[in-house]
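Before any comments, here is the structure.
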Amino acid sequence: MNKLLCLIGLSSILLASCKKNEDAGPAPSKIKIAESTTSSGLKVTLLADNNTFMVAYNKIYVSLNNADGSEVSNARVTCSSLMDMGSMQHSSPAEQPVYKDSENLYEGAVVFSMPSGDMGSWQLTVNVNGEPVVFNVTVVSPPSGFKLTGTFAGTDGIDYTVSLIEPARPKTGINELELLVNNRHDMMNFPPEEGFTIELNPEMPSMGHGSPNNVNPVYTNNGHYKGKVNFTMTGDWRLHLRLKRGNTVIVEDAALDLLF
Amino acid sequence: MKHYLIMICCVIVRHSVLAQLPDTLVNDRINKFLLLKEVNVRPGKSISGSKREQQQNSLQTITDKIQERTPGINMIRRGNFAMEPSLRSLSNGQITMTIDGMRIFGACTDRMDPISSYVEPNNLESISVNFNPGENSFGAGIGGGINFKLKEPLFSDGRKLSGMAGTGYESNGNAVQTLAGIEYSTARFAIQMNGIFRSSGNYRAGGSEEILFSQYRKWNGNISAKTKAGKNGTIKADYIQDEGHDIGYPALTMDVAFAKAKIAALSYTYKAAGSGLRLETKAYYNMIDHAMDDTKRPAEMVAMHMDMPGTSRTAGAFSSLSFRLNSRHFFKIQLDGFSNKLDAEMTMYPDSGAVMFMYTLSDLARTDLGINFSDDIFLNRHFDFKIGGRLDYMHDYLFTRAGKDQLSGMFEGDLSGTRWLKNLNVQADFHPGRTWDFSVQLAAGARAATLQEEYSFYIFDRLDGYDYIGNPGLRQERSFNMNLGISYHCNKLKAEINAFRYFIKDYITGSVLSGYSTMTIGARGVKQYVNIPSAGIYGAEAALQWGPLPHLNFTSTNTYTRGNDNSGNALPLIAPLKSVNGVFYTVNKKTALNVESVTNAPQKRVNTRLYGETSTPGLTIVNFGISRDLLLPGSKLLKAGAGIENIFDSRYFQHLDIMKVMRPGRNFLFRLTWLF
C-alpha cells in the first residue's frame with residue numbers, strides 16, 4: 001500500500017510508467033514556488049518543475065521582472081543553498097542560472113542533499129546583480145524506492161556527491177544517463193568533479209540480476225557525465241557506480257536507486 | 001487401441017478416394033501411401049466397414065494421441081495436455097501447422113500451446129501430414145507441416161437430421177470426456193454443431209506415483225454452416241471456440257490458468273462439374289488468449305509469483321485455384337497472406353520491492369504474402385512427376401512504442417526486417433505395376449526465424465535451463481531434403497519404406513552469451529539464438545500391414561531419426577527408434593479386438609553440454625482394446641469400447657518428454673458413443 005501511495009505521489013515527478021504509453025507526454029509546465037522583491041524593486045519569481053523540492057538534483061528557474069512587468073534578461077543571477085541545522089550550517093552543490101531566451105527564464109539547478117524537517121531547514125538565496133533574495137524552501141525526501149543523490153566518502157579522504165539528472169522519466173529499454181558529480185571542498189563549496197572514470201552496473205535488488213548493453217558515463221563538462229542505462233523491466237533498479245581516478249578506485253559503490 | 005486406426009483409416013481413405021473421386025488427383029496422390037499422409041478422424045456410420053468402427057472412438061481421443069501414433073510424428077511433452085508435434089524431429093518454426101489452411105500461432109512463450117491443442121477430433125475431417133518444403137501449400141518451412149482439416153457439413157437429398165453423443169471414462173486421472181454433435185442438412189443448406197468437454201485430475205505414473213500438476217479441464221465447441229451459392233458454389237462459415245482451464249504442466253515451473261482460442265473462417269468454394277476446376281477463397285481470423293499461473297504451486301516451488309499472459313492474433317486469407325489442364329497436367333495455384341501479432345508479458349511480484357513488468361514478446365508482428373503452385377504431371381502409366389514451389393514475402397516489425405523501447409536496450413537500430421523465402425519440391429514416382437511404387441523427392445526449403453527466435457526477451461527454456469534472447473539478425477534456416485520411398489501393396493500385404501536425409505544450412509539454435517545475467521531465478525545462464533553453419537537429419541520410416549485372414553491384421557510402424565550439428569554433436573529433441581506393432585482382429589464385423597505394443601529404443605545420442613539433454617532409456621508398453629457395435633432399433637447405433645493402456649503399469653518416459661516426467665501408468669478406459 002505504501003508503495004502504491006509513493007507511486008501516486010511520484011507521478012507528478014516521474015510520469016508513472018504506464019505500459020504501452022505511446023509517448024512520454026508534454027514537458028511539465030513550471031510551477032511557481034515563491035516570489036520576492038529585491039531592494040532595488042525587481043520582482044524575483046522562483047519556479048521549479050514540481051511544487052516542492054526533493055532530495056535530488058532540482059532544476060530551478062528564476063524569472064525577473066521590472067515593476068512594470070517587463071522581463072529582465074541581462075541581470076547577473078547566482079544562487080546558493082544553505083542548510084541551517086542550528087549547531088552547524090552547510091550548503092550543497094548548485095549550478096548557476098543562465099538566461100534562456102526561449103523560456104524568458106534563468107535556468108539553474110540545486111542538489112538538495114537532505115530533507116528539511118526537525119534537523120533543520122533549507123534556504124535558497126538568489127542573488128540578482130549583487131542583491132540577495134532569500135527564499136525559505138521545503139525539501140522533501142523522495143518516495144521510497146528512490147535515492148537520487150548521495151554523498152560518498154572517497155578513499156582519498158574527500159566526500160563526493162553523485163546526483164542523477166537523467167533519466168528523469170525512466171522507461172523500459174535504453175535510457176540516457178546523466179550524472180552530476182561534485183566534491184566537497186568545504187561545507188560551503190562543492191565544485192564539480194572532472195577527472196573520474198565511472199563504471200555503471202545496474203541491478204534489480206529484488207531479483208539480483210543486472211542488464212546488458214549499458215554505456216559507462218563519461219565526462220562531458222561542469223561535473224556532468226553521460227552514458228546509457230538499460231532497464232530490462234519496470235520495478236526497483238539500483239545503479240551501482242564505481243568512481244575511479246585512473247586505475248584507483250575512489251568510491252567503490254556510489255549506489256543510486258530508482259523505481260518506475 | 002484407437003490410435004491404431006491411423007493406419008487403417010489411411011487405407012480407407014485411399015479406397016474411397018479411388019472409388020469415388022477419380023478426378024481429384026491431388027487427393028488421390030495424398031492417400032496413395034500407407035505411411036504418413038492423412039489420418040481420418042471422421043466417424044463412420046456404416047457398420048459394414050468393419051475397420052472404420054474404431055474411428056468413432058478416436059473422437060474421444062485427444063488430438064495429441066492421434067498425432068502421436070502417426071509415423072514420423074513424435075510429441076514433445078510438457079504435461080498431460082497440449083503436446084507439441086515434431087515431424088521427423090523438426091518442430092516449431094521448422095514446420096507449418098495450419099487449421100484448414102488457416103495460419104494460427106500459439107500464444108505461450110514456453111510453447112505450452114501448440115495449435116493442435118486448440119482442435120478436437122470432433123472438429124476434424126482429417127489430419128494431413130507432409131514432410132517436405134514446397135509440398136505444403138500453406139507456409140514456408142523446411143520440414144513440411146500438419147494441416148488439421150475441419151469437418152464439413154454435407155448437403156443431403158432431402159431433409160436430414162443426425163447426431164451423436166458419447167461419453168468416456170479413464171481410470172487414470174479420473175478423466176471424463178463427454179461429447180455431442182448434431183447435423184442438419186437439406187439439398188441447399190447444411191449445418192453441424194459439436195461440443196466436447198474433457199477433464200482430468202492428476203494421473204498416476206507406473207507404480208501408482210501421483211504426478212502432481214498434471215490435471216486439465218477443457219471444452220471445445222464448433223459450428224459450421226454451409227449453403228449453396230449458385231449452381232456450383234458454396235459458402236461456408238466455421239467457428240471454433242476452445243477453452244482450457246487449470247492445465248497443469250508438471251515439467252514446467254508454471255501451469256496454465258487458461259488457454260482460449262477463438263477461430264473463425266468464411267469461405268467460398270466453386271467447383272465446376274466434370275472439369276476438375278475448383279476455386280476456394282477463405283478469409284479468417286483467430287485469437288488466442290493464454291495465461292500462465294503459478295498460484296496453485298506450493299510456495300516453496302515458487303521463487304517469485306508472476307503473471308505471464310500472452311495473446312496471439314492472426315488475420316489472413318487465401319485463394320486457391322486448381323484445375324486439370326489436360327489429361328497430363330493438374331495445376332494448383334494459391335495466393336495467401338496473413339498478419340500475426342504476438343504479445344507476451346511478465347509481471348513479477350517480489351516479496352519486498354516494487355512490482356516489475358516487462359514484455360517477453362514485445363508486441364511483435366509478422367505479415368506474410370505467399371504464392372504457391374504445383375503441377376502434377378502424369379507422364380504415362382508408369383511415371384508421374386510433381387513439381388511444387390512456394391514464394392513468400394515476409395515483414396516483421398514491432399507494433400508499439402513500448403515494445404520498441406524495451407528492445408532498444410537489447411538490440412540496436414531498426415528492428416523490423418523483410419525477407420523472401422523460397423521453397424521448391426520435385427517428386428518423381430515410378431510404378432512398374434500395380435504392386436510396386438518407387439518415389440524420389442528432392443526439395444529445397446527455407447524458413448524464417450520465428451518471432452520468438454528473433455525477439456525473445458529472456459524466455460526461459462526448461463530443456464537446457466537457459467534464458468533465451470532473440471536475434472533479429474538471424475539468417476533463414478535453409479535445407480535441402482531428399483526422400484526415397486518404396487511401397488509394395490498387394491491384397492494381403494502392404495509394406496512401405498521411406499528414407500530421408502535433410503541437409504540444413506544456418507540451423508538455428510541457442511548459443512551461450514557470456515557476461516549476461518539471468519533473469520529467471522535459477523537459470524543456468526543466458527543464450528541467444530544464432531545460426532550455426534549446418535546440421536543434418538536423416539532417418540527412415542517403415543510400415544507394414546499384413547492381413548493373413550479377412551478379419552486378422554498385423555501392423556507395424558517404425559520411425560527413426562538421427563540428427564547432427566556441424567561439429568557432429570547430437571541435436572536436441574531427436575526421438576530414438578520408435579516401433580508400434582499391433583494385432584487387430586474383428587469378429588462378426590461387429591466386435592474388434594486389438595493388442596499393440598509401443599516400443600521406444602533408448603536414446604543415448606545426446607549432448608548435455610551444448611543442448612542440455614540427458615540420455616533416455618528405452619521401454620515397451622502394451623495396450624489392449626476391444627470395441628463392439630450394437631445396432632439399436634431405428635437404425636441407431638451404439639458403439640461401446642473399452643481398453644487398457646500400459647497394461648503392465650510400466651514406469652517410463654520418452655526422450656522428448658521435457659524434464660523426464662513419468663508418463664501415465666496403467667489406465668482403464670471405457671467409451672460409449674450413440675449415433676442417431
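Quick note: numbers below take in every heavy atom, side chains included, and nothing from hydrogens, waters or symmetry partners. Naming: A, B, ... by sequence-line order, numbering from 1 per chain. Source: prediction; values computed, not measured.
Counting only distance, with no hydrogens or angles, the side chain of D236(A) and the backbone of A354(B) share a donor-acceptor pair below 3.5 Å. A donor-acceptor contact shorter than 3.5 Å is absent between the side chain of T172(A) and the backbone of Q406(B). Looking only at distances, a side-chain donor or acceptor of S517(B) sits under 3.5 Å from a matching main-chain atom of G210(A).
Heavy-atom pairs under 4.5 Å with chain A peak, among M358(B), E412(B), M304(B), at M358(B). Ranked by non-hydrogen atom pairs under 4.5 Å with chain B, the options P212(A), P205(A), S211(A) are led by P212(A). Chosen from M207(A), M204(A), K228(A), the residue pairing most often with chain B at heavy-atom distances under 4.5 Å is M207(A). No other option in V526(B), V355(B), L513(B), I469(B) has as many heavy-atom pairs under 4.5 Å with chain A as V355(B). Contact tally against chain A (heavy-atom pairs below 4.5 Å) for P350(B), G403(B), S408(B): the top residue is S408(B).
A 6.0 Å sphere centred on CG of D118(A) holds no more than 12 heavy atoms belonging to other residues, nucleotides or ligands. Within a 6.0 Å sphere centred on NZ of K226(A), other residues, nucleotides and ligands contribute 12 heavy atoms or fewer. Within a 6.0 Å radius of CE in M301(B), other residues, nucleotides and ligands contribute more than 12 heavy atoms.
Taking OG1 of T232(A) as the start and CG of L407(B) as the end, the distance is 11.5 Å to the nearest 0.5 Å. With rounding to the nearest 0.5 Å, the separation of CE in M233(A) from OG1 in T360(B) is 10.5 Å.
Residues S206(A) and M356(B) approach most closely at OG-CE, 3.3 Å, considering heavy atoms.
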Side chain to side chain contact (heavy atoms under 4.5 Å, CB included) evaluation trace for T518(B) with H209(A): CA-CA 6 Å; T518(B) 60; H209(A) 66 71; 5.5 Å; no
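Taking 4.5 Å as the limit, some side-chain heavy atom of N213(A) sits within range of a side-chain heavy atom of M410(B).
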